Number of protein chains: 4
Amino acid sequence: MTKDIFQHPDPESLPRRDEIVARTFELVRERGFAGLRMRQIAEKVGVTEGALYRHFPSKEAILLALVDRMEARLLAPVRQLAARTDLSAEEKLQQVLQHHLRTVVASQSLPILLISEVSFSEHEALRARMRQLITAYLGTLEGIAGQLGPGGEFDPREIAVLLLGLPAAVAITQRLLPDAELAGRLTGPVASKLVHLILSR
Amino acid sequence: MTKDIFQHPDPESLPRRDEIVARTFELVRERGFAGLRMRQIAEKVGVTEGALYRHFPSKEAILLALVDRMEARLLAPVRQLAARTDLSAEEKLQQVLQHHLRTVVASQSLPILLISEVSFSEHEALRARMRQLITAYLGTLEGIAGQLGPGGEFDPREIAVLLLGLPAAVAITQRLLPDAELAGRLTGPVASKLVHLILSR
Amino acid sequence: MTKDIFQHPDPESLPRRDEIVARTFELVRERGFAGLRMRQIAEKVGVTEGALYRHFPSKEAILLALVDRMEARLLAPVRQLAARTDLSAEEKLQQVLQHHLRTVVASQSLPILLISEVSFSEHEALRARMRQLITAYLGTLEGIAGQLGPGGEFDPREIAVLLLGLPAAVAITQRLLPDAELAGRLTGPVASKLVHLILSR
Amino acid sequence: MTKDIFQHPDPESLPRRDEIVARTFELVRERGFAGLRMRQIAEKVGVTEGALYRHFPSKEAILLALVDRMEARLLAPVRQLAARTDLSAEEKLQQVLQHHLRTVVASQSLPILLISEVSFSEHEALRARMRQLITAYLGTLEGIAGQLGPGGEFDPREIAVLLLGLPAAVAITQRLLPDAELAGRLTGPVASKLVHLILSR
DNA sequence: TATGAATGAGACTTCATTCAT
DNA sequence: CATGAATGAAGTCTCATTCAT
């Protein structure tokens, strides 16, 4: 069903650099950014801490690579959707939201929560990178919404933010109060109806 | 306008315990939970670190007191609204959302982001406390939505989560991409229209 | 039976200074010297920590007063025994040992263990005081043994040390491996027979 | 003479873990358990405090390793003695006591005093470990005494405790009132005669 | 490339003591 | 006399990073 788009291939076959990022992702998925330790990464990869510095100059560099990875897996599919000509704007937004919600569920709510967490981080470069990511995401949504034509209740920018709301709410509630049945409804029919309502004109 | 409901009275007049929580709040507002240091609190209060331990047994205790404070300022007004009999269910939900959104803007997006952050925290007591807070918040919204009567697109639980979405989205975007003009629209007419759409039957 | 010679009178009627020492004794009896905290003393006395400094200039001063108290309760009776003329030397040593053993049992093995503990203490004054106490104790025993006349297996000094051995061994074993029945035998018939054997000539 | 059985080989050749324990032993020998600081250990080993944590997870772990070492050096020889078939029970007990007394003198009275000190410690694991050690020690002595056959003044358990008394008394007096000449007599002829008296039947 | 040991800064916390009230 | 707040030094422990091998 909802395939984990954040899955990674066989560890053995990965170049070390990628493996480090992949393992870091698993850790961040479970424990967030703030609790991440170089030691944990090293353990999970199966090397010593010193070895990590052969591949990345610092912890921050690993985290930046992690955000690159998130962007690739989260944003790229959205951009592809946006570029398609065989779908209406509403269909595109429906699919974007579905994609985002599936991601939220599959990755245990990660990306949206990470954005919150990083917003407080002391790593300036990391904050900037996240700002860039969310700017691109909202911009893409806004672009699609702009193709809808005039007459709706909300302008394109507002639509983009509103569409961010559902994944965010789902992430927060599922993280703290897991409820698979409710999650199913929210990511399926509820999301679908919400998009329709928001776009109705 | 949007008064900062998290503001605190004159520092001089506060018992130390309250002052510590108030100053901690200011720090957390700026830097979040993970980056909070006892040293910073002590500096901001104007004492040494050891002095803090005359008033709280641990850092975690300060954080729990902080969540108490958040609950008092965020949840109490919502509960009062819910209890009023001179408002329709839709009017109540409109005001709850307005209140929440004002809080988000006034406190620089704090509460909702903190919930995200805490969801990863190693402080088990803190996670439990936050879970309690969000459970109560959603429960109150669900209770109001239950008074709407049948026939709408969404059931009460779904409505509660959907109404959480807007403050969450506003918090995230405003934190990373501040835009006062957009924030004004989102917390005003956009919120109002969204509630109406969601409740329409 | 074995009355607790370290008991203290009604707290209410004690001048503060004495009460502080008495309460400190209770704490030391349970937890030893190293774990003693001014806060615990204050709590047990029912005052604040600052108040203790009205009566003693420092923690070390309290401990020295405590050793004075131990000396009064432990050593004074022994000296009185030594001075009696109606008892033979063996009878005196029998009673001294009985007294010491009863003390060990009644005070939960305290004095002898405290001597061990203090021997490592950083409080030079305290170590000196304990040295003085044990010197006086051994000296008194030696004095009595000197009245035995020649011909035994051991000289007076050796007898004094040997008689210290039983209370020490009882203290250590009872503290770590409490065994009331064994303790009863050791403090009664075993002690009696041991003295007789040591003094036999 | 009385060789220091607690001596350690050339520091340079020791794996760090063992070296840390050896250096800790030297410190504890001088200052006891309660006054031991991680800083002191680090200084003596010649590293920073943090480095110690690569080899032991906590201070308590170092102390437990220290007790292991004490057990190996104190208890193991006693057990070997107990197992010999070429010695009578009395000869075995004579040698055990000699061994223990030599240890007391060589190590500056350490083990027996440490047992006293630890009996008050807050480290539950450490207390349990010491309890185990003394149980084993007394048990071994009791076992040998059991081979004596009936008819003596004391039963095996009593003999075990009585034999613990001399090293304890020697430790206390030598620690506070060093007297090499007396110590020599106590560990030599006095001990020998005492064992004979206690076992006489 | 990788290891294992180490560093140095800094985290939270404890505690005897001081002092204004 | 007593309180309550505060200090300052010190304690154990953590962690990103460095470096010789």
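Just so it is clear, the model here is predicted, and its values are computed rather than measured. Just so we're on the same page: letters track the sequence lines, and every chain starts at 1.
- Toward the 5′ end of DNA chain E lies the nearest nucleotide of A:L52, the other residue of the pair D:V47 and A:L52 mapping further downstream.
- Nucleic acid contact class of D:L36 (heavy atoms, under 4.0 Å, all strands): sugar-phosphate only.
- The strand DNA chain E forms stems, runs of 3 or more Watson-Crick or G-U wobble pairs with distances below 3.5 Å, at E:2-21 with F:2-21.
- The CD1-C1' distance, from D:I20 to E:dG4, rounds to 13 Å in whole Å.
- The side chain of B:T48 approaches F:dT7 more closely than any other nucleotide in the set E:dG4, F:dA2, F:dT7.
- The C:R16 side chain lies nearest to F:dA2 when the options are E:dA2, F:dT7, F:dA2.
- The side chain of A:H55 approaches E:dT1 more closely than any other nucleotide in the set F:dG11, E:dG4, E:dT1.
- By the side-chain contact (heavy atoms from CB on, under 4.5 Å) test, C:L126 pairs with C:F33, C:L63, C:L64, C:V67, C:V118, C:S121, C:H123, sequence neighbours left out.
- Look at B:R37 and B:E43 and you find no salt bridge, because none of the NZ, NE, NH1 or NH2 atoms lies under 4.0 Å from a carboxylate O.
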Using nucleotides 17-21 of chain F, report all nitrogen or oxygen pairs with the protein that are shorter than 3.5 Å.
{"from": "F:dT17", "atom 1": "OP2", "to": "A:Y53", "atom 2": "OH", "distance (Å)": "2.9"}
{"from": "F:dT17", "atom 1": "OP2", "to": "A:K59", "atom 2": "N", "distance (Å)": "2.9"}
{"from": "F:dT17", "atom 1": "O5'", "to": "A:Y53", "atom 2": "OH", "distance (Å)": "3.4"}

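- A cation-pi arrangement is absent between A:R23 and A:F25, since the terminal nitrogen or guanidinium carbon is not both under 6.0 Å from the aromatic centre and inside a 45° cone about the axis.
- Between the CD atom of B:E122 and the C1' atom of E:dC12 there is a distance of 14 Å, given to the nearest Å.
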